[in-house]
Amino acid sequence: MDVRAALAVAAGKPLEITTVQLEGPKAGEVMVEIKATGICHTDEFTLSGADPEGLFPAILGHEGAGVVVEVGPGVTSVKKGDHVIPLYTPECRQCPSCLSRKTNLCTAIRATQGQGVMPDGTSRFSIAGKKLHHYMGCSTFANFTVLPEIAVAKIREDAPFDKVCYIGCGVTTGIGAVVNTAKVAPGAKAIVFGLGGIGLNVIQGLRLAGADMIIGVDINNDKKPWGERFGMTHFVNAKEVGNDLVAHLVNMTKSGADQIGGADYTFDCTGNVTVMRQALEACHRGWGESIIIGVAGAGQEIATRPFQLVTGRVWKGTAFGGARGRTDVPKIVDWYMDGKIEIDPMITHTMPLSDINKGFDLMHEGKSIRSVVIY
Ligand code: NAD
Ligand code: AHE
Ligand code: ZN
């Protein structure tokens, strides 16, 4: 069938709005009509050409919500009409990783997902008979897509698609990094680097967890009121502080008898490897944990003096906030519907698919928190 899509034709080029062809779901797959999709910095990362796994031509997008319109043979967990959120981190509940209970990184279909194809090694998308690549197993920049059954989370039907699509990546990643990965305890001191679509969700996760001190760091002063809106207690402009940023942050966290200073938890939400080092080194000696959320381009590496780790700081990473999608995403949708977490104010811009490139422009200009395409 013909579907409308924003096609990534090559790295660094704007998306082309066009009609592409989509084959129906095969065994174990479902077709979903995407009703809304967010634009995450990771889409920009891949479109820019920095992603070592980036493939073109492809249909990007991984932060969607929609309705199941058709199921392939053998599908049992969802049916036509179900409301779902696509999962770039699936949950098969059978692979060694799922069964380990130690990680959310299901490995059932990761290899083919990285090759831009469905688990049987073929693509459902094409244009004029030429194959197109899927992206992160989701391809939500098309009004219909096909996903493996294990890569959709069934959600309640009263949840608005144009808001809960953000749970498909940003919300779950930010809040999950706090509650699943760092397991932040009440009273903690935390530093969040990068107050964008992810960082603000880390901040609201920290507020939820009962952190006492939440320092936000950005290079854009416009982000200060945004951080405060979700629970940030202090703001630091990294550019204004200059080379002494780590010492400045460590000083800010000193209190009472503790004149060593350093945060209990820090979070990198920038993808900048220099910032990742600052985040690690701003942790408290002996126990501070730094969580890397940002993704960095091909060839980028992190560095620090081993002394930083010898003296008890811990470097960790998190993907999709450590969430097990089919289990946790419906619960996060409930948190939103029950008013426990906020989403609406972070969606600063909405647009039709035809204007999707404007969403990328707004991100580059630092003017948006999240742009959402509504089909
Ligand atoms: P965004 O563009 O909305 O926000 C990035 C923020 O970082 C901006 O406010 C920007 O001003 C700030 N920033 C840039 N350079 C900085 C610096 N040197 N110091 C301090 N702040 C700086 O992006 P986003 O959608 O929030 O994504 C953030 C990162 O998280 C990206 O790298 C993205 O690819 C990654 N990400 C990872 C996961 C995961 O599962 N690990 C999930 C989603 C996004
Ligand atoms: N292709 C990139 C990897 C990028 C990356 O780490 N992606 C995160 C999700 S970002 C969502 O906005 C992720 O889930 N990682 C786990 C995984 O298995 O990819 C690269 O650098 O190769
Ligand atoms: Zn994302």
Side-chain angles (χ1 to χ4, degrees), residues 1 3 21-37 59 61-125 134-140 142-161 164-165 167-169 172 176 180 319-337 375:
M1 65 187 261
V3 305
Q21 286 71 51
L22 179 64
E23 266 185 78
K26 296 192 178 174
E29 300 174 2
V30 300
M31 184 186 277
V32 174
E33 180 177 6
I34 300 294
K35 298 286 193 182
T37 179
I59 296 171
H62 62 282
E63 196 175 75
V67 182
V68 174
V69 291
E70 193 183 335
V71 300
V75 169
T76 55
S77 59
V78 287
K79 60 182 187 313
K80 189 175 169 180
D82 281 349
H83 292 204
V84 293
I85 288 182
L87 301 170
Y88 61 84
T89 307
E91 183 187 355
C92 76
R93 300 174 176 159
Q94 287 172 356
C95 72
S97 299
C98 285
L99 292 175
S100 75
R101 308 304 297 160
K102 293 178 189 169
T103 177
N104 67 326
L105 292 175
C106 173
T107 42
I109 59 169
R110 180 63 182 85
T112 48
Q113 189 170 312
Q115 293 154 9
V117 290
M118 297 297 286
D120 72 351
T122 63
S123 174
R124 303 287 161 273
F125 286 108
H134 294 249
Y135 175 65
M136 289 176 71
C138 293
S139 292
T140 58
N143 63 342
F144 289 84
T145 191
V146 170
L147 302 121
E149 169 184 22
I150 59 168
V152 295
K154 182 172 159 16
I155 60 164
R156 56 197 274 177
E157 292 183 10
D158 57 344
F161 296 116
V164 298
C165 60
I167 295 174
C169 184
T172 305
N180 298 322
F320 198 38
R324 294 183 173 83
R326 290 159 78 199
T327 304
D328 295 340
V329 160
K331 293 181 193 164
I332 298 175
V333 170
D334 284 342
W335 293 356
Y336 166 67
M337 296 300 286
Y375 288 99

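Under the 4.5 Å side-chain criterion, counting only non-hydrogen atoms from C-beta, R326 is in contact with L87.
The two residues K35 and V67 come nearest to each other via the heavy atoms CE-CG2, 3.9 Å. The two atoms that bring G61 and Y135 nearest to each other are N-CD2, 3.4 Å, heavy atoms only. The heavy-atom pair separating D158 from M337 by the smallest distance is O-CE, 3.2 Å. Taking all atoms of both residues into account, the shortest heavy-atom contact from I85 to V164 is CD1-O, 3.3 Å. Across all non-hydrogen atoms, the minimal contact from E63 to T140 is N-OG1, 3.5 Å.
Checking side-chain atoms of R324 against main-chain N and O of V329 turns up no donor-acceptor pair under 3.5 Å. Side chain of N104 to main chain of G325: no donor-acceptor pair is present (N/O by atom type, distance under 3.5 Å, no hydrogens or angles). Checking side-chain atoms of N180 against main-chain N and O of G321 turns up a donor-acceptor pair under 3.5 Å. A distance-only check finds no donor-acceptor pair linking the side chain of E70 to the backbone of P25 [under 3.5 Å]. Not a single donor-acceptor pair under 3.5 Å links the side chain of E91 to the backbone N or O of C98.
The side-chain contact (heavy atoms from CB on, under 4.5 Å) test with I59 singles out one residue from S139, C138, S123, and that residue is S139.
Under a 4.0 Å N-O distance rule, the pair D334/K331 does not qualify as a salt bridge.
Rounded to the nearest 0.5 angstrom, H134 NE2 and T145 OG1 are separated by 6.5 Å. To the nearest 0.5 Å, the span separating CD1 on I150 from CD1 on I109 amounts to 4.5 Å.
Looking only at atom types and distance, the side chain of T107 has a donor-acceptor partner in the side chain of S97 under 3.5 Å away. Judged purely by distance below 3.5 Å, without hydrogens or angles, the side chains of T122 and R124 pair a donor atom with an acceptor atom.
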